[in-house]
Peer 1: 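Supplied in structure tokens, the structure appears directly below.
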Amino acid sequence: MANVTLTINGKEVTVPAGTSVLDAARGAGFFIPTLCHDPNNPGYGGCRICVVNIKGARALVASCVTEAANGMVVETESPDVVEARKTIIDLLLANHPADCLTCDKNGDCRLQDYAYLYDVRKSSFTGEKHNYPIDDSNPYIRRDLNKCVLCGRCVRTCEQVEDRQVINFAYRGFNTKVAPAMDTSLAESACVSCARCVVVCPVGALTYQNLAGKARTYEIRKEQVTCTFCEAGCQFDLNYKGDKVLGVTAKEPGVGRPLCLKGRLGLELLYADEPVKPMLKKDEQFVEVSWPEALGMDDVLKKLDELKK
Ligand code: SF4
Ligand code: SF4
Ligand code: SF4
């Protein structure tokens with residue numbers, strides 16, 4: 001494949017043709033912030049926080065969807081770029097709860113990191129804010145859409161990595177939000193609780209129910225292990241605080257297979273303090289059931305009885 005040579009922040013950089021300016025800059029050691037960009041699912045260009053200055057271009061361009069070209073001269077932190085990024089963060093914070101003190105994503109949140117980096121302490125805009133109820137209907141995933149920055153990473157991951165298409169953008173303008181079909185709760189949707197969407201969410205809009213309130217992100221140590229409940233060998237992370245396992249979390253898309261419900265439930269049983277109560281979805285609602293019913297034993301016993309007759 002042919003190479004192209006460009007100049008980034010005064011440094012000559014050579015990359016294969018077709019490489020994005022974002023990847024070329026990052027490869028050369030320059031930082032560019034991103035919210036919507038997903039290396040496993042690139043080419044979206046929605047959030048615009050990755051804008052850079054390219055000499056001769058009519059406006060700042062999104063580096064994640066711009067191919068590097070011969071002779072290009074790029075500035076990744078020029079004053080106009082920094083100003084644009086500050087404005088984007090300012091606009092995002094205008095409709096965002098100031099909830100970092102109790103947010104489970106605190107310490108591992110890109111919006112928080114970028115607000116700190118670009119010194120945007122609070123929004124200069126005033127206006128209406130969303131007040132969505134938190135969706136904790138799914139036993140594994142908690143959705144707080146008040147914190148969503150509409151980056152679309154969850155939508156693309158569910159559609160292109162998991163091949164599920166459970167969630168998508170709904171409504172228009174200020175009311176745009178990510179939702180399952182007919183704007184139901186996650187429990188009422190076709191979600192299989194793979195949690196890949198949680199892994200890619202850059203903020204605290206999607207978090208794990210089993211870790212809620214148990215530890216700050218920086219107190220958690222992750223250890224990658226392979227599930228032994230079947231021959232598929234799905235990978236996941238055990239999350240430790242000290243020596244104690246708090247729960248299991250999914251791997252990012254591209255690393256092994258996602259953990260299925262059987263593995264997730266089985267592993268939580270192994271590491272839970274309290275005995276886990278089995279739940280089954282009946283009439284679109286999760287209800288507590290007995291273990292024989294959860295494991296399908298009632299059906300098996302009924303079938304055996306019928307066979308005996
Ligand atoms: S999502 Fe990020 S910025 Fe928002 S409250 Fe949580 S930690 Fe703070
Ligand atoms: S948990 Fe998996 S199936 Fe459910 S919405 Fe997220 S990516 Fe889609
Ligand atoms: S829920 Fe998270 S990943 Fe999905 S659009 Fe909102 S911020 Fe992005």
Side-chain angles (χ1 to χ4, degrees), residues 104 132-145 154-155 157-159 161-168 170 178-201 205-214 225-239 245-251 253 256-309:
D104 279 313
Y132 296 122
I134 291 174
D135 177 7
D136 57 4
S137 61
N138 180 298
Y140 303 99
I141 299 166
R142 185 182 162 95
R143 293 165 76 229
D144 182 352
L145 295 184
C154 57
V155 173
T157 297
C158 188
E159 179 186 346
V161 180
E162 298 309 325
D163 202 15
R164 298 293 304 176
Q165 295 179 297
V166 173
I167 44 178
N168 210 330
V178 172
M182 309 308 290
D183 197 5
T184 63
S185 69
L186 208 53
E188 295 166 293
S189 73
C191 171
V192 292
S193 306
C194 70
R196 294 284 214 196
C197 55
V198 182
V199 182
V200 297
C201 182
L206 299 175
T207 50
Y208 292 100
Q209 296 272 28
N210 61 355
L211 296 179
K214 287 193 182 163
V225 286
T226 304
C227 180
T228 53
F229 279 90
C230 77
E231 72 286 356
C234 302
Q235 295 190 314
F236 62 95
D237 283 329
L238 286 179
N239 288 242
V245 176
L246 299 180
V248 301
T249 54
K251 296 300 296 177
R257 290 164 48 92
L259 188 64
C260 77
L261 212 48
K262 184 175 154 192
R264 197 181 300 279
L265 186 59
L267 288 155
E268 281 186 5
L269 276 175
L270 284 179
Y271 295 106
D273 290 334
E274 303 286 332
V276 174
K277 302 204 171 58
M279 310 277 277
L280 267 186
K281 206 176 194 180
K282 292 181 175 179
D283 299 327
E284 303 301 318
Q285 295 286 334
F286 281 103
V287 289
E288 216 172 287
V289 293
S290 66
W291 277 111
E293 188 178 353
L295 297 171
M297 294 301 290
D298 282 353
D299 291 342
V300 174
L301 293 174
K302 259 188 228 150
K303 261 276 180 289
L304 285 173
D305 277 346
E306 279 168 25
L307 289 171
K308 271 196 254 165
K309 284 173 195 164

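When reading the values below, keep in mind they use all heavy atoms of this one structure, side chains included, and skip hydrogens, waters and symmetry mates.
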Peer 1: Is the shortest side-chain heavy-atom distance between Thr249 and Phe236 below 4.5 Å?
Peer 2: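 Result no, sub-4.5 Å side-chain heavy-atom pair not found.
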Peer 1: Which is it for Asp144 and Thr207 under the side-chain hydrogen bond (donor to acceptor under 3.5 Å, both in side chains) test, yes or no, and what are the steps along the way?
Peer 2: CA-CA 8 Å; Asp144 182 352; Thr207 50; over 6 Å; no
Peer 1: Quick one: closest heavy-atom pair of Ala187 and Phe286, and the distance?
Peer 2: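 In this case the closest contact between Ala187 and Phe286 is CB-CE1, 3.8 Å.
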Peer 1: Does any N or O in the side chain of Arg164 come within less than 3.5 Å of the main-chain N or O of Ala190, such that one atom is a donor and the other an acceptor?
Peer 2: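 Yes, the answer is positive, given that a donor and an acceptor are paired below the 3.5 Å cut-off.
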Peer 1: Atom NZ in Lys214, atom CG in Asp104: separation rounded to 0.5 Å?
Peer 2: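 So the NZ of Lys214 and the CG of Asp104 are separated by 10.5 Å.
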Peer 1: As an exercise, state the distance from OG1 of Thr226 to NZ of Lys251, rounded to the nearest 0.5 Å.
Peer 2: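 Those atoms lie 10.0 Å apart.
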Peer 1: Quick one: pull up CG in Leu186 and CD1 in Ile167 and give me the separation to the nearest 0.5 Å.
Peer 2: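 If I round to the nearest 0.5 Å, the distance is 7.5 Å.
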Peer 1: Taking side chain as C-beta onward, heavy atoms only, is Ile141 less than 4.5 Å from Gln209?
Peer 2: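 In short, these two side chains do not touch, never coming nearer than 4.5 Å.
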Peer 1: Taking all heavy atoms of Cys154 and all of Val178, pick out the closest pair and write down the distance.
Peer 2: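 Of all heavy-atom pairs spanning Cys154 and Val178, the closest is SG-CG1, 3.9 Å.
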Peer 1: Hey, does Tyr208 have a side-chain heavy atom less than 4.5 Å from the side chain of Val198?
Peer 2: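 A side-chain contact under 4.5 Å exists here.
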Peer 1: Between Asn168 (side chain only) and Ala181 (backbone N and O only), is there a donor and an acceptor less than 3.5 Å apart?
Peer 2: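 No; judged by distance alone, with no hydrogens or angles, the pair does not exist.
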Peer 1: Between CG of Leu206 and SG of Cys197, what distance do you get to the nearest 0.5 Å?
Peer 2: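 Answer rounded to 0.5 Å: 5.0 Å.
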Peer 1: Please name the pair of heavy atoms, one in Ala170 and one in Ala179, separated by the smallest distance, quoted to 0.1 Å.
Peer 2: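 Looking at all heavy atoms of both residues, the shortest contact is CB-CB, 4.2 Å.
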Peer 1: Decide side-chain contact (heavy atoms from CB on, under 4.5 Å) for Arg142 and Ile134; before the verdict, give the C-alpha distance in whole Å, the side-chain angles of both, and the deciding distance to 0.1 Å.
Peer 2: CA-CA 7 Å; Arg142 185 182 162 95; Ile134 291 174; 3.6 Å; yes
Peer 1: Do Val248 and Asp237 make a side-chain contact, defined as non-hydrogen atoms from C-beta onward lying under 4.5 Å apart?
Peer 2: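 Not in contact.
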Peer 1: With sequence neighbours left out, what residues match Asp135 under side-chain hydrogen bond (donor to acceptor under 3.5 Å, both in side chains)?
Peer 2: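 Per chain and number, Asp135 pairs via side-chain hydrogen bond (donor to acceptor under 3.5 Å, both in side chains) with Ser137, Arg143.
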Peer 1: Using salt bridge (charged side-chain N to carboxylate O under 4.0 Å, His left out) as the criterion, list what pairs up with Asp136, not counting sequence neighbours.
Peer 2: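 Listed in chain order: nothing, the list is empty.
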Peer 1: Is the shortest heavy-atom distance from the side chain of Leu211 to the side chain of Asn239 under 4.5 Å?
Peer 2: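 Answer yes - side chains close enough.
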Peer 1: How long is the span from the OH atom in Tyr140 to the SG atom in Cys191, to the nearest 0.5 Å?
Peer 2: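 Rounded to the nearest 0.5 Å, the OH-SG separation comes out at 11.0 Å.
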Peer 1: Salt bridge or not between Glu293 and Lys282? Use side-chain N to carboxylate O under 4.0 Å.
Peer 2: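 So Glu293 pairs with Lys282 through a salt bridge.
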Peer 1: I'd like to check the salt bridge (charged side-chain N to carboxylate O under 4.0 Å, His left out) partners of Glu284; sequence neighbours left out, ordered by chain and number.
Peer 2: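 Result, salt bridge (charged side-chain N to carboxylate O under 4.0 Å, His left out) vs Glu284: none returned.
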